[in-house]
Amino acid sequence: MTWWIHRGLRRALVPRGLNSSSPLLRPPAASSPYFSSLQSRSQENAAPESGIGGSTSSKTASFRSSLNPTEVAKFAAIAETWWDSQGPFKPLHLMNPTRVSFIRSTLCRHFRKDPFSVRPFEGLKIIDVGCGGGILSEPLARMGATVTGIDAVEKNIKIADIHAALDPLTSSIEYHCTTAEEVVKENKKFDAVISLEVIEHVADPADFCKSLAALTVPKGATIISTINRSMRSYATAIIAAEYLLNWLPKGTHQWSRFLTPEELVLILERAGVSVQEMAGFVYNPLTGDWTLSDDTSVNFIAFGTKRNE
Amino acid sequence: MAAHRCLLRSSVLGSSPAFSAGKRGFSVLTEEPVARLSAGLSASGGSDPTPRRREARNVQWVFLGCPGVGKGTFTSRLSQLLGVPHTATGDLVREELASSGPLSNQLAEIVNQGQLVSDKIIINLLSKSLESGAAKGESGFIHDGFPRTVKQAVCEKNYGVTTNSEPFDVAIIGGGMVGLALASALSSTPFTKHLNIAIVDPNPALGGCSSYYIKNEIPGSRVSTVTPATISFLRDIGAWEHVKHQRHAFFDQMQVWDYTGLGYTRYCARDVGKEYLGCVVENKVLCNSLLLSLQEKDFKKTIIPAKLTSMTVSSRRSSSGVSSGQSNTLDKSRTNNSEETAEPMHLQSLVRLELSDGQHIYSKLVVGADGAKSRVREMAGIKTTGWDYSQSGLICTVEHTGENHCAWQRFLPSGPIALLPIGDNFSNIVWTMSSNEANRHKLMSEDDFVKAVNYALDCGYGPHPQSNFLDNYIGRLPWGSGTTSIKESFQAPPKVINVVSERMAFPLSLMHALEYSSSQFVLIGDAAHAVHPLAGQGVNLGFGDASTLTKVISEGISMGTDFADLALLKRYEKERKAANIPWMAILDGFQKAYSIDFGPINLLRAAALHGAQYIAPLKRNIVSYAMGEWNWPRFT
C-alpha cells in the first residue's frame, strides 16, 4: 500500500483494458479527486527525470548532514500519520510483523544465518524498494542488516529519515529518493532486494522485475509481495477494504493490475530469479491479526533466488 | 619488590582494554627510570615525577596489598603520571561526610558507631565519583583499597560500577517479587538477554549479595501460595532451585466449607492426576531466590537503590527543546556532540527518570512493578477502577502438634479464614474480617487469639458438614474415571496450639487499572490489579504478567520491532486482561456471595458446595483452573 509513483504511472492511470471486458471490472475511480492528485504528483515527480536522479545524492546528502531542526519540527507533525499505528496506515502496521517473519525465516535459511540470534542479518546488504515511511526498513535494520531504502516520493523519505534517527539501532539506514532503474544505473548490488506491495502500482511489472533482478547479486534473494488477481481479492481488497471498511482511499488499487502467483513466477523467471517459496497472508477479523498461511488467494509473498550468471 | 608485584597484578576486573593498558603501563614504568620512582618513594617529600601528557590513558587498575605496602603512594603518583582519577575509599567517605551529600547522615551514624561502611554504600560513592569524573571528561581509574573482599569484587561485577550513564533498555520500577521475576525472565530468554536493565527500588536488601535463609528461623507472616503454573515459570527462570533449598511446603489436598455446616468440598491433586495443588512459600524466600537467580546470570543489570520522583516522556521534552529560539543551540549541540543545553537526538525518544538520590537515568521502556499504590501508574496517568472491601486481612504464623499437608478454608459470616501449611509444624493464617474486628484480634493476648482461631476454624458457629444420601447418589453416577476425593468425608482441621509470629493486618480492596500500558509504560503485578486473598491468586496473576510480558517483548525483538512500541504492549495487555478479569470477577463474586447471611442464599451456597464436591467433571475443571493449567478463554 505504498504509493510509489513510477515515471510511467501517468500512462498507467488510463485503464489498460487488458482483462477488463466488463465495466464492472474497470477501475471505478478514474475521475476521483485522488486520482487527479496522483496524476499531477506523478507529473511533477516524473518531469525532470535526470534532475531527480542527478540531484538525489546532493539533495539527500545536504539534507542529512544538517537535519535542520525547523524541518524536524515541521515534519514531526506529519510523520506521525505514517508511524501512527492507529492512523491511516493501520492495516500496514498490522500486517508488518507477519511479512517480517516470512522474510526473516526465508533469508535466515537462504544465507545460513542462526534464526535464534538477535541480529541474524549482520553483514547483509538489503535494499527496500518502495520503502514509504520505512515500516519494513526499520525492523530489518534492527536485525542487523545494512539497509538502503528508496522511494520516489520525497516526503516519504523525509519522514523515514526522521523516524529512523530516533533510535540508534535504525539511524544507520540510508534513505534515497530515487527509482530502482536509477540505482541499477549506478551499478549497485545487494544481497537481498525486497519490494513489498509495490508491483501492483507499477506500469510494466516485467520491466520492474528485471530492475529488481539486476540489483540482486548472483545467488542473492529477491522478495516481492503483492495482491492476487482473483474474485476473492476483488471482494476483499477493493470492495471491502476501500469501500466498506475505508481502510484505504478509494482507487488505491486497480484490480486489473494485480498479478496472479503464476504470472509473478513467470516474469521473475524471465528476469533470472527462480521462486523458491511462496506464502499467503490471511486476516482474521475476529482477533484482528494477520497470519501466514498457504492461502495465496488475496495477499501473497514470494521469495526467489537470483540465478548464477 | 613487593610493590612491583602489586603493579603486575594490575587489574582484577579483567576487562581486556584494562589488561592491555596494564601491559602498556608496565612498559611505561620500565621506560621511565624506575630509580626515579624508587627515589621518590624512599625520599619522603621528594618531588613527584613531572606529569606526562594528560591525555586520557583509559587504564582501569586496582591496587591490592596489605596495609603499609605503599598502595596510597603508588596510586597517587601513578594517577598523576597517567592522568586518570584515583579513588581511595577512605577519602571518599571523608569527602561525603564533609560535603553533607545525601548519604552523609547514614555514613555519620555508621562511622560514629565505629562500624564498617557497607559494601553497597561504598559502591554507591564510587560510582558517583566515577560519574562526576566522566562528566568532566576523565576516563579510567585507579582504585586504592577496593575491592577488599571477594564479595565486593563479585558485587562490583554484578551491579556494574558504571562509568558512564548509558541509557537503559528497560527500567523496572519496584524490586518486589514480580519486578525481580520479570528481570530474571528477561535474562533467561534468548532474545532478551542482551538488554540493559535497571531495577529501581530503595530496599537496601537488593544490593547485597544474598544467601539462603536458614530453616531454623521462625517463618515470616507474609506468605504466598504459588500454583503449579507459576512453579514451572519459576523453574524456567532458574529461581525454583533456590526455593527448594529453603523452607517451602507443597500441599496436595484442600478443604472448603462454611459455618452453616450444610456442605463441604475436598479437593485432591490426584483428581487431575497431579502430585500437588500448590506450594506455600514465604515472600522473603521468593524474593531471595529470584535475586539469587538474577545474580548468577551473566546479564547487564543495574540495581539502583533509590525511589522514583518524576518521569518525563519524550514528546513533552522535545516540544520544549525544538523551538525557533533554541534551534541554534540544537544545531550547535549536534555538531559538538555534547549534552550541554539540549538533548542529543538519540535520547529524545527515551523516558527520563528522576530519582530520589539526585541522579537521572534514561530508559526506553518503563515497567511499573511497584505495588498497589504504584507511582508509575500515577505518573503515566492511568486510571483505575475498584472498591474497598470493608474488611482487613489478619495474617500470622501458628504452630500445630503435627505436620499439616492440607489447605483449609472456612467461610465465616464476617469473612473466610484460611490455614495454609508452611512447613515443619507451622501454618499460616489468613483471616478476613471487618477492620475493627481485625484490630481487636491483633491486640488481644496470644492465648485468647489461639482460642479465637480454634473457634473460628472448628468448634464455633455450626456443626461439621455431613454428606447425605443425595450426595452419595450423585457421586456414584457414571461421571467417568472417578475422582478419589469424592469418597473422602469431612475432616476437622488440625488444632492450633501457639502463635509464633507477630500479627499483621492489611485493608483489602479490589483494584483494576483500566489500561495496563501506554506509550513506553507498562504495568505488571499489583500495580495493575489487586484482588481478595481468598483464593491465594494475587501474586500468581502477577507472575503471569511477568511471563507474558517477557514473551511479548522477545517476540517483538525477534521480529525487529521496537519493544517499547504501543502496539506490542497492547498485545500484552489484551492477553493479560483476558486472564485477569475472569479471576477478579470470580473472586469478587465469591466474596460477595459469602458475605450475606440469609437462609435461601445459604442453601444456594451449600448446594453449590455439594455440587462442586460430588460432580466429578466440574470438580476437575475447578481444580485445574485454580492451578493455572487452563488458558482462559479457551480459544487462542
Side-chain angles (χ1 to χ4, degrees), chain A residues 65-77 80 83-86 90 93-94 96-105 108 114-121 126 135-145 147 161-171 284 286-289 291, chain B residues 166-167 169 189-196 314-315 318-335 342-350 362 364 519-520 552-571 574-575 578 633 635-636:
Chain A
S65 65
S66 63
L67 212 61
N68 194 345
T70 44
E71 293 236 278
V72 166
K74 190 169 47 151
F75 282 104
E80 288 313 304
W83 284 97
D84 179 8
S85 51
Q86 308 300 315
K90 180 170 167 180
H93 282 274
L94 284 179
N96 201 40
T98 328
R99 316 190 296 183
V100 173
S101 73
F102 177 84
I103 293 174
R104 187 182 210 271
S105 65
C108 279
D114 174 19
F116 288 111
S117 130
V118 180
R119 295 169 67 85
F121 294 159
I126 305 191
I135 292 188
L136 176 69
S137 311
E138 292 200 6
L140 292 176
R142 284 200 193 95
M143 291 198 262
V147 181
D161 245 331
I162 292 171
H163 195 268
L166 292 176
D167 186 352
L169 288 174
T170 54
S171 48
N284 182 348
L286 289 177
T287 57
D289 287 330
T291 38
Chain B
E166 282 171 25
D169 291 313
T189 323
F191 285 117
T192 52
K193 43 181 199 224
H194 64 285
L195 293 177
N196 194 4
S314 47
S315 53
S318 60
S319 59
S320 57
V322 182
S323 60
S324 50
Q326 293 189 4
S327 56
N328 295 330
T329 45
L330 205 63
D331 271 320
K332 234 194 293 174
S333 70
R334 205 154 292 130
T335 47
E343 281 172 342
M345 195 84 162
H346 72 276
L347 288 181
Q348 275 182 15
S349 58
L350 305 177
Y362 287 93
K364 210 160 171 195
S519 177
Q520 295 180 297
V552 164
I553 291 182
S554 100
E555 276 173 10
I557 292 184
S558 75
M559 288 298 124
T561 349
D562 178 11
F563 58 82
D565 181 36
L566 187 62
L568 201 68
L569 300 177
K570 286 295 173 197
R571 264 175 53 197
K574 196 164 105 169
E575 209 176 307
F635 53 89
T636 45

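Residue numbers begin at 1 in each chain, while the letters A, B, ... track the order of the sequences. Small disclaimer: the values here were computed from a predicted structure and weren't measured.
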>> Distance check, rounded to the nearest 0.5 Å: L350(B) atom CG versus L166(A) atom CG?
In response: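 It is 9.5 Å, given to the nearest 0.5 Å.
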task = Carefully, step by step, assess D562(B) and R142(A) under the rule side chain to side chain contact (heavy atoms under 4.5 Å, CB included).
result = CA-CA 8 Å; D562(B) 178 11; R142(A) 284 200 193 95; 3.5 Å; yes
**Study point:** Part of K193(B) lying under 4.5 Å from any heavy atom of chain A
**Key:**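 Neither; nothing under 4.5 Å.
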Legend entry - S117(A) portion near chain B, given a 4.5 angstrom heavy-atom threshold: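 Only the backbone of S117(A) comes within 4.5 Å of chain B.
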**Report entry** Portion of P120(A) that has a non-hydrogen atom of chain B nearer than 4.5 angstrom
**Finding:**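 No part of P120(A) comes within 4.5 Å of chain B.
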Heavy-atom pairs under 4.5 Å with chain B: which of R119(A), R104(A), M143(A) has the most?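 Top option by heavy-atom pairs under 4.5 Å: R104(A).
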ask   = So, for P97(A) and M559(B), which heavy atoms are closest and what is the spacing to 0.1 Å?
value =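 Heavy atoms of P97(A) and M559(B) come nearest at O-SD, 3.7 Å.
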Task: Over all atoms of both residues, closest heavy-atom pair of F116(A) and F191(B) - done: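 Where F116(A) meets F191(B) most closely, the heavy atoms are O-CE2, 3.5 Å.
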